[in-house]
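Comments concern the structure below.
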Number of protein chains: 2
Amino acid sequence: MSQSVKLKERWVTGASPIKGKVEQMFFGQYEHNLDAKGRITIPANFREQTLDGVFVTEGFDHNLSVYSKRHFEAIAANLAKTSITNPASRELRRKIFSNSAELSYDPAGRILVPARLREMAQIKGSVVIVGIGDSFELWAVDAWKEQEMRLNDPNADENRWQAFDLTTRGE
Amino acid sequence: MSQSVKLKERWVTGASPIKGKVEQMFFGQYEHNLDAKGRITIPANFREQTLDGVFVTEGFDHNLSVYSKRHFEAIAANLAKTSITNPASRELRRKIFSNSAELSYDPAGRILVPARLREMAQIKGSVVIVGIGDSFELWAVDAWKEQEMRLNDPNADENRWQAFDLTTRGE
DNA sequence: CTTCAATTTGACACTTTGTGACACTTTATG
DNA sequence: CATAAAGTGTCACAAAGTGTCAAATTGAAG
């Protein structure tokens with residue numbers, strides 16, 4: 001691996017907390033193009049919150065989920081504590097780790113998502129990068145359009161979200 | 001350009017912990033071909049984390065498990081703690097130690113898994129190398145496909161993994 | 001609106017990796 | 001011993017991955 005120290009200063013040295021912004025919050029959506037080798041430029045403001053790279057895993061809805069290291073390491077540490085003599089533990093490890101990748105940014109702010117994962121999510125040509133709070137997602141353009149339509153469907157059950165308590169005061 | 005050492009020097013000199021990446025974590029899956037002599041090229045990023053070679057043992061699910069020295073020693077230590085008056089302990093010891101091998105990489109990054117172990121796991125022609133966090137596994141292509149189907153089976157018991165708490169907050 | 005800086009993009013050069021082939025060495029066998 | 005089988009090292013090629021740079025685009029500020 002190349003020794004990323006002399007690079008473009010800002011994203012390398014800027015290890016400090018983001019001034020005046022909430023820490024690790026991802027908002028908005030961006031459509032970006034893949035280059036000839038399949039690399040994806042991550043939006044600069046997402047990058048600033050994940051300077052030391054990210055974990056990409058298979059998502060639950062035919063997409064890819066992207067987590068900061070801190071987030072994913074906690075999961076991995078918990079898994080590592082379980083015993084390999086337990087069959088369910090072995091299967092869970094396989095499910096989670098075999099479909100993830102640890103990625104870092106190149107000097108131009110791009111990541112190369114493994115071909116297998118891109119194919120899984122049918123991502124090619126361009127990709128939609130969607131902030132969902134503490135992580136973000138990568139979607140094939142078509143799949144995202146479909147998802148958006150579902151979110152905005154006026155005929156859908158009005159009450160589908162009622163179970164979630166989203167009061168604005170903390171507890 | 002001090003970093004781009006050639007493969008030869010890398011495995012000879014031992015070298016430093018992988019910078020900027022989580023230590024000893026194996027992710028993703030790769031299908032590789034065996035050569036005429038049965039040697040398997042291990043993915044470069046796996047190799048970098050096991051420069052001083054690996055232990056291969058019979059897995060629990062008709063596959064082969066591959067551990068770094070450090071990890072294998074930890075397993076051995078745990079086993080040593082169990083009482084030899086316990087028949088299951090004795091059998092587990094036999095299962096693990098009688099079917100393992102300590103292997104090192106050749107200058108091209110390949111290992112030669114003993115024929116007996118390859119046959120045990122029905123590995124021939126090509127092999128799937130599966131990262132499962134702190135170790136990785138070798139699977140016959142067919143066996144892995146079957147395992148993957150089981151992992152993704154929506155009809156399987158939903159609760160099979162519920163025992164594992166993977167919350168992301170530390171304790 | 002215009003200007004300026006930051007960001008994304010595409011193109012290209014370069015490096016690394018996996019593979020297959022082949023030659024050579026070591027080990028086992030009669 | 002001769003011979004076969006198993007194991008090991010080396011090379012060259014194609015494919016995959018990575019770094020760099022300049023043009024194009026975007027977005028913010030005046």
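Letters A, B, ... are given to chains in the order of the sequence lines, protein chains preceding strands, and every chain is numbered from 1.
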message: In whole Å, I'd like the distance from the CD1 atom of Ile111(B) to the C1' atom of dA6(D).
response: 17 Å
task: May I ask you to say whether Glu102(B) pairs ionically with Lys69(B), meaning some side-chain N is under 4.0 Å from a carboxylate O?
output: yes
- prompt: For the residue pair Phe46(B) and Phe136(B), does the interplanar ring angle fall in the parallel (under 30°), tilted (30 to 60°) or perpendicular (over 60°) class?
  reply: tilted
message: Taking the axis from the first five pairs and the axis from the last five, what angle separates them in the helix from dC1(C)-dG30(D) to dG30(C)-dC1(D), rounded to 10 degrees?
response: 30°
- line: Separation of dA6(D) atom P from Glu119(B) atom CD, nearest Å, is 10 Å
message: Between Asn45(A) and Tyr30(A), do the side chains contain a donor N or O and an acceptor N or O under 3.5 Å apart?
response: yes
- request: Test Ser68(B) against His71(B) for side chain to side chain donor-acceptor pair (under 3.5 Å), laying out the working first.
  value: CA-CA 5 Å; Ser68(B) 68; His71(B) 271 109; 3.3 Å; yes
- request: Go through dT7(C), dT20(D), dT8(D) for me and flag the one nearest to the Leu112(B) side chain.
  value: dT8(D)
task: Whole angstrom is fine here: how far is it from CZ in Phe46(B) over to P in dT16(C)?
output: 20 Å
task: Could you pull out the closest heavy-atom pair between Met120(B) and Asn99(B), with the gap in Å?
output: CE-OD1, 3.3 Å
statement: Atom OH of Tyr105(A) and atom C1' of dG17(D) are separated, to the nearest Å, by 18 Å
Could I get a table of every N or O pair under 3.5 Å where one atom is in the protein and the other is in nucleotides 18-27 of chain C?
unit_1: dG18(C); atom_1: OP1; unit_2: Ala44(B); atom_2: N; d: 3.3
unit_1: dG18(C); atom_1: OP2; unit_2: Arg47(B); atom_2: NH1; d: 3.1
unit_1: dT19(C); atom_1: OP1; unit_2: Asn33(B); atom_2: N; d: 3.4

Listing, residues 127-135 of chain B side-chain donor-acceptor contacts under 3.5 Å, not counting sequence neighbours, or none:
unit_1: Asp134(B); atom_1: OD1; unit_2: Arg93(A); atom_2: NH1; d: 3.2

field: Spacing between Asp106(B) atom CG and dT17(C) atom P, to the nearest angstrom
entry: 14 Å
query: Checking Gln122(B) side chain against Arg118(B) main chain: does a donor-acceptor pair fall under 3.5 Å?
result: no
query: Taking the six-membered ring for Trp, are Phe72(A) and Phe55(A) parallel (under 30°), tilted (30 to 60°) or perpendicular (over 60°)?
result: parallel
